[in-house]
Amino acid sequence: MKSYNPQKIETKWQRIWEKDGHPKPKDKKGKYYILDMFPYPSGDGLHVGHVENFTATDIYARFKRFQGYEVLHPMGWDAFGLPAENFAIKTGIHPKLKTLESIKNFKRQIKSVGLSYDWERELNTSSPEYYRWTQWMFLFLYEHGLAYKKKAKVNWCEACHTVLANEQVIDGRCDRSGDIVVQKDLEQWFFKITDFVEPSKSPTGQKISGLLSGLEKIDWPSSTKAAQKHWIGRSEGAEVVFCVTDSEEELRVFTTRLDTIYGCTYVVMAPEHPLVAKLLNDQFSISKLQNKEEVKKYLEVTKKKTDLERTELNKEKTGIYLEGIEVAHPFTGERLPVYVADYVLGTYGTGAVMGVPAHDERDFVFAEKYQLLVKPVIKGLPSQKEQSLFTEDGTLFHSKEFSGLTSKEAREKMVAWLRKEKLGKKVVNYRLRDWLISRQRYWGAPIPIIYCDECGMVPVPKKDLPVKLPTDVDFQPTGESPLIRSESFHRVKCPQCGAKARRESDTMDTFVCSSWYYLRFADPQNTKVFASKKALQKYLPVDFYMGGAEHTVLHLLYARFFTKALMKHGHLDFDEPFLTLRHQGMILGEDGNKMSKSKGNVINPDRIVEEFGADSLRLYEMFMGPLDEMKAWNTKSIIGLRRFLDKVWKLSQKGVSNQRSAKNAPLESLLHQTIKKVTEDVAALKFNTAISALMILVNEMDKADHVSRSTYQSLLILLSPFAPHMTEELWAGLGPVGGRKKSIFLAPWPQYDGKKIVAETVTLAVQVNGKVRALLAVATGTSEAEVRAMALSNAVVQDRVKGKEIKKVIYIPGKIVSIVT
RNA sequence: GCCGAGGUGGCGGAAUGGUAUACGCAGAGGACUUAAAAUCCUCGGAUCGUAAGGUCGUGCGGGUUCAAGUCCCGCCCUCGGCACCA
């Protein structure tokens, strides 16, 4: 046999798999759905991070097939999005062409790594066959009141000329262009994701877990669950009414610390609060506001501030006193000053808060600046130091009849009192806002709505879907959707009355496309429904989902929302789409920095395949370290994996004999240990240690004079999920098995024999007072008494215990003898 | 600040409370070779010692235990996410 030439055998088997499909054993155990987060087909091609993700699921998929599962393992393209459109703006090349070209390249690269996808299920979100159903999803949500339009203050990116979702704003900047995000008032479409935070029921009475409670029953990384929980940000508190004195107006605030209310010395409104505008309006006779001009000036200043400035300057707090305005403290009737300050968020709670400087850090800072009264009403344990600022729970004082209660008790009693007096109630607030999905861009799925002067907003009838993207459009962004300038697109007849009407010209956020794609894979060619009930019942939910941690809140939360909404209205019978989720750790460049073109540290998988072969690349990426941990690339290290494969290759020529190698019991024992270790490690996705176990086995086989054929076969099967090309080649070289030439992937996965795992002798460490002093080779089956005697009679041990009384001897079979003097 | 994950040789990393540093890379020495590459063998925590061997070693300080990288308490540092959410 010739020497190992990966390039040659890899192309050979890739061609065979292309022609015949990937060998799949008969399924005996039912389905198992293994899904990768589908990639955006970027012009830069496949990243080594993709290879890590896809190789891991490929190994797992092959392993599950060996176990007898019918594995669904599809791949598709999250193909809408800004990069293709930006490229089009720069070059004039249509996004569709560029996208198709990129997909072609991605697919070539994926195939060059030997990934066993179900290509017959491939899908592309930018194809009309797919986005027809994305539009269907929109209409579905619209019908059930879960998609609505409202004028909203939105995040606007000047560079991208589009609105962004809250989730796409990072530190006040656009997550793509890095430009500062400004606020604009626009009519926008929203999805009512907030409807699903708490558990609900379908009309037929099925229980649907909430976005919060559902997290408890799925196997996801704790960090991801924590991030989602935090993003949803549920907080229980109370709404409290402060009456504006000498008027009918009232000011409601939200607080989680009702127990501190006797320490409230002022009240603050956000600049956006409606009452502020009302007080400034001269027509309102109620307005006794005396410093209107100053207040107006302050509002102008804050309006100019970006969200970044408003939040980043969190040390310096600004505000303005409303002269002549007072509110009454609901418990004491005391008159309190009112401020407007932009440290209060207009979009959370009621847009107004009570100021309790003694027990809230922010209020404390504000009160210090504006010389407001600090009035402590909560104290901690006597052991805790007295401070002017105490933000924890404690015991109340100076709080009339509530004094002496703990914070927790007080909150309950106080809210009961408020309810009785009709001055407040218990309230739950969330950080999560409804999902803004309108985008003023071309390369996305058009929103299927028509505006008619007579009928108003009319949904496109489902039979008319898809609403196709026009191809004759100038997609230079101007701030409105490029679709507005396509006459053919936006001029339509009203589906209800037939009068002249116009189409909605915005497209949907690409996250809408990816919120339901995992369902389509069950039945990707269906033209009647997004997927048949039968197919959904067979394959869904996704058993194992893998992708980058950057989708912790965006995609994963949206997908869960879609699943719950579809279940609520009878389209699905499960409420969580992804039962098990894992993230691959980011692969850094060789310099330890994140890979980026500007740093010039990007590794192109094509070059690695060329130099070392796809099997070596796969093994290397899996051997780098724990799958979910961040790790730096090191091209030098790949040679180690290549050497390992060379050894396996050479073993086939060395001495694989048909003789029973009963002589070599230690090797036999090692083989069975390896079968156990690899099987368990692959099941637990610990690929790095599985590979190291295979290396140990191969090193021993290499040293042995003879290796039995069955041992070698077992090795090849264990290695096959990792290095499919080479093992298939070597397997074929072994000749027909059972009279027929079959793929290694149709062979049975090796089973270990518990009896053979036990080696004939084990090495025990003998400790004297906690330190290892001797090693004992003990035959398996030696009795405890014998082992103890052996340990105590050991010369070194004797020397150590000489003249001392032995107090205790502890024997842990197979591990240690511990002698205490 | 809050939440989450971590801190082990020159490097990536391994270790159900039981011989710390498996496996791999890099390095050193040797074999083969005219030579190099490739391959194979041997050695690689620190320190004292010619050696046998001793002592110290998993971020820091305590504790539990016959025995701690692993468990408990208190810190320090790194990375990731969120961050004026009242």
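The model shown is predicted, which means the values in this text are computed figures rather than measured ones. Lettering follows sequence order; numbering is per chain, from 1.
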Under 4.0 Å, counting only non-hydrogen atoms across every strand here, what does [X] touch: a base, just sugar-phosphate, or nothing?
X         : result
Lys647(A) : sugar-phosphate
Ser692(A) : base
Asp363(A) : nothing

Quick check against the 3.5 Å criterion: does [X] have a side-chain atom that pairs as donor or acceptor with the backbone of [Y]?
X         : Y         : answer
His359(A) : Gly263(A) : no
Asn601(A) : Glu590(A) : no
Arg642(A) : Asp615(A) : no

Determine the Euclidean distance between corresponding [atom1] atoms of [M] and [N]; express it in Å to zero decimal places.
N       : M       : atom1 : answer
rG7(B)  : rU21(B) : C1'   : 15 Å
rG74(B) : rG24(B) : P     : 41 Å
rG57(B) : rU47(B) : C1'   : 10 Å
rG4(B)  : rG9(B)  : P     : 27 Å
rU78(B) : rG63(B) : P     : 28 Å
rC66(B) : rC11(B) : C1'   : 37 Å
rU55(B) : rU39(B) : C1'   : 41 Å

Can you see if the side chain of [X] gets near the phosphate of [N] - specifically, an N or O under 4.0 Å from OP1 or OP2?
X         : N       : answer
Tyr348(A) : rA86(B) : yes
Asn634(A) : rG13(B) : no
Lys771(A) : rC56(B) : yes
Arg643(A) : rU39(B) : yes
Ser222(A) : rA5(B)  : yes
Ser235(A) : rA86(B) : yes

Worksheet item: Of the nucleotides rG80(B), rC56(B), rA14(B), which has the atom closest to the Asn688(A) side chain?
Response: rA14(B)

Worksheet item: Among rU19(B), rU39(B), rA86(B), which nucleotide sits nearest the side chain of Ala765(A)?
Response: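 Closest of the options to the side chain of Ala765(A): rU19(B).
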
[Y] and [X], any side-chain heavy atoms less than 4.5 Å apart:
X         : Y         : result
Asn429(A) : Thr256(A) : no
Trp633(A) : Tyr620(A) : yes
Glu621(A) : Thr55(A)  : no

Residue matched to [N] through Watson-Crick or wobble contacts both under 3.5 angstrom:
N       : value
rC40(B) : rG30(B)
rG80(B) : rC3(B)
rA35(B) : none
rU55(B) : rA46(B)
rA67(B) : none

Practice prompt. Give, ordered by number, those residues of residues 618-627 of chain A having at least one heavy-atom distance below 4.0 Å to an atom of RNA chain B; if nothing qualifies, reply none.
Written response: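 Those residues are Phe623(A), Met624(A), Pro626(A).
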
Response to the item:
So the salt bridge (Lys or Arg N to Asp or Glu O under 4.0 Å) pairs with at least one residue in residues 623-640 of chain A (sequence neighbours excluded) are Glu52(A)-Lys631(A)

How long is the line joining [atom1] of [X] and [atom2] of [N], in whole Å?
X         : N       : atom1 : atom2 : answer
Asp360(A) : rC84(B) : CG    : P     : 13 Å
Phe644(A) : rC25(B) : CZ    : P     : 12 Å
Trp633(A) : rC25(B) : CH2   : P     : 16 Å
Glu392(A) : rG1(B)  : CD    : C1'   : 13 Å
Lys677(A) : rA15(B) : NZ    : P     : 6 Å
Leu432(A) : rC82(B) : CG    : C1'   : 14 Å
Asp591(A) : rG12(B) : CG    : P     : 14 Å
Leu694(A) : rG24(B) : CG    : P     : 12 Å

Item to complete: Taking the six-membered ring for Trp and the full ring for Phe, Tyr or His, determine whether the centres of Phe190(A) and Trp435(A) are under 6.0 Å apart.
Response: no

Item to complete: Kindly state whether the ring of Phe366(A) and the ring of Tyr339(A) have centres lying under 6.0 angstrom apart.
Response: yes

Worksheet item: Is Lys815(A) side chain donor-acceptor paired with the rU16(B) base, going by distance under 3.5 Å alone?
Response: yes

Fill in: Contacts of type side chain to side chain donor-acceptor pair (under 3.5 Å), residue Arg234(A), not counting sequence neighbours
Glu198(A), Glu236(A)

Discussion item. Parallel, tilted or perpendicular: which one describes the rings of Tyr262(A) and Phe331(A), with boundaries at 30° and 60°?
Written reply: tilted

Worksheet item: Could you give the distance from CG (Leu651(A)) to CG (Asp702(A)), rounded to the nearest 0.5 Å?
Response: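 Spacing of CG (Leu651(A)) from CG (Asp702(A)) equals 5.5 Å.
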
Practice prompt. Nearest 0.5 Å please: distance from the CG atom of Asn794(A) over to the CZ atom of Arg773(A).
Written response: 12.0 Å

Item to complete: Might you point out which heavy atoms bring Phe722(A) and Arg618(A) nearest each other, and give the distance in Å?
Response: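 In terms of heavy atoms, the two residues are closest at O-NE, 2.8 Å.
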
Worksheet item: If you find the nucleotide of RNA chain B closest to Met354(A) and the one closest to Gly814(A), which residue's nucleotide is nearer the 5' end?
Response: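 The residue mapped nearer the 5' terminus is Gly814(A).
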
Worksheet entry | Residue whose closest nucleotide on RNA chain B lies nearer the 5' end, Ile696(A) versus Leu775(A) |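 Of the two residues, Leu775(A) wins.
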
Extract from the structure each pairing of a protein N or O with an N or O of nucleotides 65-72 of chain B at less than 3.5 Å, listing the distance.
residue, atom, partner, partner atom, Å
rC66(B), OP1, Lys808(A), NZ, 3.1
rC66(B), O2, Ser818(A), OG, 2.7

Item to complete: Apply ring-ring contact (aromatic ring centres under 6.0 Å, His included) to His551(A) and list each qualifying residue two or more places apart in sequence or on a separate chain.
Response: His555(A)

Discussion item. By the rule that syn is within 90° of 0, classify the base conformation of rG44(B) as syn or anti.
Written reply: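 For rG44(B), whose glycosidic angle is within 90° of 0, the conformation is syn.
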
Would you tabulate the pairs of protein nitrogen or oxygen atoms and nucleotide nitrogen or oxygen atoms of nucleotides 51-53 of chain B closer than 3.5 angstrom?
none

